[in-house]
Amino acid sequence: MKRKNEFDILENADESIVNELSEIPVLTESQKKHIYNMSRRNLNKMKRENIKTETEYKEDEFTVSGVDVVKGGQWFRFFYTAVACIVAVVGLGSAVFLLKNSADTVVNETAPDVMSYVTTSSDNSLHTTEVSADTVSTSAVSGYIASAVTESAVQTEEQFTAETVSAFTETTSAEITETTTSAEIISDDKTDYIQITKELMKALEVIDGLYCGSEMSYDIRDYFVYAATGEYYYRVNGSKNNLLTQDDIVNYINSHYTEGYSMSTDTLFYGERPVYVEYNGVLYMREVARGGRYSWTDDAPEIIDITDNSFTAICKNDFYGGVLTVVLYIENDGEGWKINDIIADEW
Amino acid sequence: MTAEEYSALYRKSPDKAYRQLFEEYCGYVYAVVYNKLRSTASREDIEECVSDVFTDIYFNYNTESVYKGDMHGYVSTVAKRKAVDMYRRITARSAHYTETDDDSISMIHSDYDIEHDFDRADSQRQLINAVKSLGEPDSTILIQKFYYDRTSSEIAELLSMKSASVRMRCTRALKKLGEILGKSDITL
């Protein structure tokens, strides 16, 4: 409850007063970002659900009012009830039959990277699911199932249970139960987008490494003291991706981030405590807290909202054992596909 | 941002258009919504309302419209309406019902008081002018502290100052404001 004070008089003011109030700085950057992330989540959810807004409903041309009374014979009710029961029994029986059948299928003796199963779930809808093989294990290939599109992948984790698929060495069945509300067949057309996304995910790891120190190595014997803060900056003497000068880093970022989004990396070189400083033409860095944010699970990114020059990728981030959803907004700005925005569950 | 610019950008990249619109109008929309919901809604409700405003514009603004001028008026209208909707939703939760008979109905007066509204508008104007006359950052500190109900650390983050400096300046600014308003026979 807000405390009462004399400024309460400014409530419900006319437009000129509100305009003057809006000229005063209203929100911090973190507050703006928080509201933006919230609005993006709502926007994406509504886009996916294709929900009509209240305005559209009000503007509908036709309205129906009144009650239409229909009288029919009593025996119709019994007939329809019987038909519904028969359909339900047949449907359940088919589902059980098909599930049992899939247990006998020998998928492959070799291990492809991705396989597709078409299964029928209990509500008779078709789902295509992908199984990707973990190629690290040599004795038995273990797999896990990435489910198809769910209606709110950003806000909630899709929940599914599956037994490990070891179809390459034995023919045990994988029981898949999904709670997806919509089924989408993943076609090969998205392969390119998935590949682009994976490259950008890799770039995110590199850029993250620039912040958390995992990308660079430095010589602690060669340092200078940054006058503004009194901190020690050490000469960079190695980089996993050969980013040894400020230009190298800036060019790398600009080739993977759009112009608007690359401003989010300004703290690498600017601000009160830049991570990197060029001193006499040589790159130096300060000590940074280790531990990056971007460590991806092996799930393939989910591609949605494809247009001529943009698409959205929903990726899974392995955050210290937990799984977070990270949404990448990717655009082609004429120079290539780049990340335009990132929204993630709160870290 | 003009309607023409927004529409052109929307056709090229809806996401970019949305981002740019948000960057330009977020502060303004927040001010409009907050002004309506300040004593009714929580901060989370207000933020939700702000995000609803931009979602509404994204889905409903007609990019084929012939209008090419400033979007300020459209954004302002959507913001006010969303705020009013939220106000009604919140106050409806605490609605109560009472019986009325013909006699008591006739005794209920209209709450529209022209003189009171005029005085209120005049006081608002005087207060705003007095606060602005203090200059920056004092005027921002006072508005953030007493109107937006922010803490000293939030104000410090906004103005890149230390919390202790914010508190000190706030005390002095408040005293000075009292003196300015006192000259107009208004007491804090």
Side-chain angles (χ1 to χ4, degrees), chain A residues 1-32 34-47 51-56 59 258 260-261 272 305 307-310 312 329-333 340-341, chain B residues 12-16 18-20 22-23 26-32 34-36 38-39 47-48 50-56 58-60 76 80 85 120-121 123-125 127-129 131-132 136-137 139-140 142-150 154-155 157-160 181 186-188:
Chain A
M1 188 83 180
K2 292 185 178 55
R3 285 169 293 179
K4 295 272 181 195
N5 60 55
E6 283 71 14
F7 283 72
D8 293 349
I9 200 171
L10 293 173
E11 257 180 69
N12 271 314
D14 61 29
E15 194 156 340
S16 62
I17 301 286
V18 174
N19 284 341
E20 295 207 43
L21 285 168
S22 70
E23 285 167 14
I24 292 164
V26 176
L27 295 166
T28 61
E29 282 307 313
S30 56
Q31 286 161 349
K32 240 186 185 175
H34 172 70
I35 297 174
Y36 180 74
N37 285 351
M38 189 196 311
S39 72
R40 271 308 313 219
R41 276 197 290 269
N42 289 341
L43 187 76
N44 291 331
K45 186 180 174 189
M46 286 179 74
K47 269 187 191 177
I51 292 173
K52 279 185 167 189
T53 64
E54 290 167 14
T55 315
E56 284 181 305
E59 288 174 0
T258 58
Y261 196 66
E272 282 184 10
D305 295 344
T307 67
D308 286 342
N309 57 358
S310 70
T312 302
Y329 296 94
I330 298 169
E331 267 193 25
N332 190 329
D333 65 353
N340 189 42
D341 201 359
Chain B
K12 203 171 145 193
S13 167
D15 286 341
K16 251 188 185 163
Y18 182 82
R19 178 95 201 213
Q20 199 152 322
F22 185 90
E23 286 293 334
C26 181
Y28 174 72
V29 168
Y30 192 93
V32 169
Y34 191 88
N35 193 254
K36 293 273 181 254
R38 181 172 176 266
S39 55
E47 287 172 355
E48 187 190 327
V50 169
S51 77
D52 285 349
V53 168
F54 288 100
T55 308
D56 191 288
Y58 181 89
F59 280 112
N60 294 316
S76 169
K80 278 182 215 161
D85 285 347
R120 186 183 166 90
S123 300
Q124 287 168 348
R125 172 53 54 196
L127 179 59
I128 278 285
N129 287 344
V131 168
K132 284 192 133 185
E136 292 292 341
S139 53
T140 299
L142 288 182
I143 293 289
Q144 286 291 337
K145 184 87 182 164
F146 297 108
Y147 176 70
Y148 284 109
D149 206 33
R150 301 237 191 263
E154 285 171 330
I155 300 170
E157 185 191 340
L158 183 68
L159 298 175
S160 302
L181 291 174
I186 300 170
T187 48
L188 280 180

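Residue numbers start from 1 in every chain, and the chains themselves are labelled A, B, ... in the order their sequence lines are given, proteins ahead of strands.
Within the 4.5 angstrom heavy-atom criterion, only side-chain atoms of B:S76, from C-beta onward, approach chain A. Both the backbone and the side chain of B:R125 have a heavy atom closer than 4.5 Å to some heavy atom of chain A. Both the backbone and the side chain of B:K16 come within contact range of chain A, with heavy atoms under 4.5 Å apart. Both the backbone and the side chain of B:L142 come within less than 4.5 Å of a heavy atom in chain A. For B:Q20, no part lies near chain A; criterion is any non-hydrogen pair under 4.5 Å. The contact between B:Q144 and chain A is made entirely by side chain atoms (from C-beta outward), counting heavy-atom distances below 4.5 Å. For A:N12, the parts sitting under 4.5 Å from any heavy atom of chain B are the backbone and the side chain alike. Heavy atoms of B:V29 lying under 4.5 Å from chain A are absent altogether.
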Practice item. Any chance you could lay out the side-chain hydrogen bond (donor to acceptor under 3.5 Å, both in side chains) test for A:T258 and A:D333, step after step, and finish with the verdict? Key: CA-CA 7 Å; A:T258 58; A:D333 65 353; over 6 Å; no
Practice item. Give the intermediate values and the outcome of side-chain contact (heavy atoms from CB on, under 4.5 Å) for residues B:Y28 and A:N19. Key: CA-CA 8 Å; B:Y28 174 72; A:N19 284 341; 3.1 Å; yes
Review point. For A:D341 and A:R40, what are the C-alpha separation, side-chain angles and deciding distance, and is it a side-chain contact (heavy atoms from CB on, under 4.5 Å)?
Key: CA-CA 10 Å; A:D341 201 359; A:R40 271 308 313 219; 4.2 Å; yes
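Residues B:C26 and A:Y36 fail the side-chain proximity criterion, which asks for heavy atoms closer than 4.5 Å.
B:F22 and B:F54 have tilted rings, their planes meeting at an angle from 30° to 60° on a 0 to 90° scale.
Chain A forms the most heavy-atom pairs under 4.5 Å with one residue out of B:E23, B:K80, B:K132, and that residue is B:K132.
Side-chain atoms of B:Q124 come within 3.5 Å of backbone atoms of A:I9 as a donor-acceptor pair (strictly under, hydrogens ignored).
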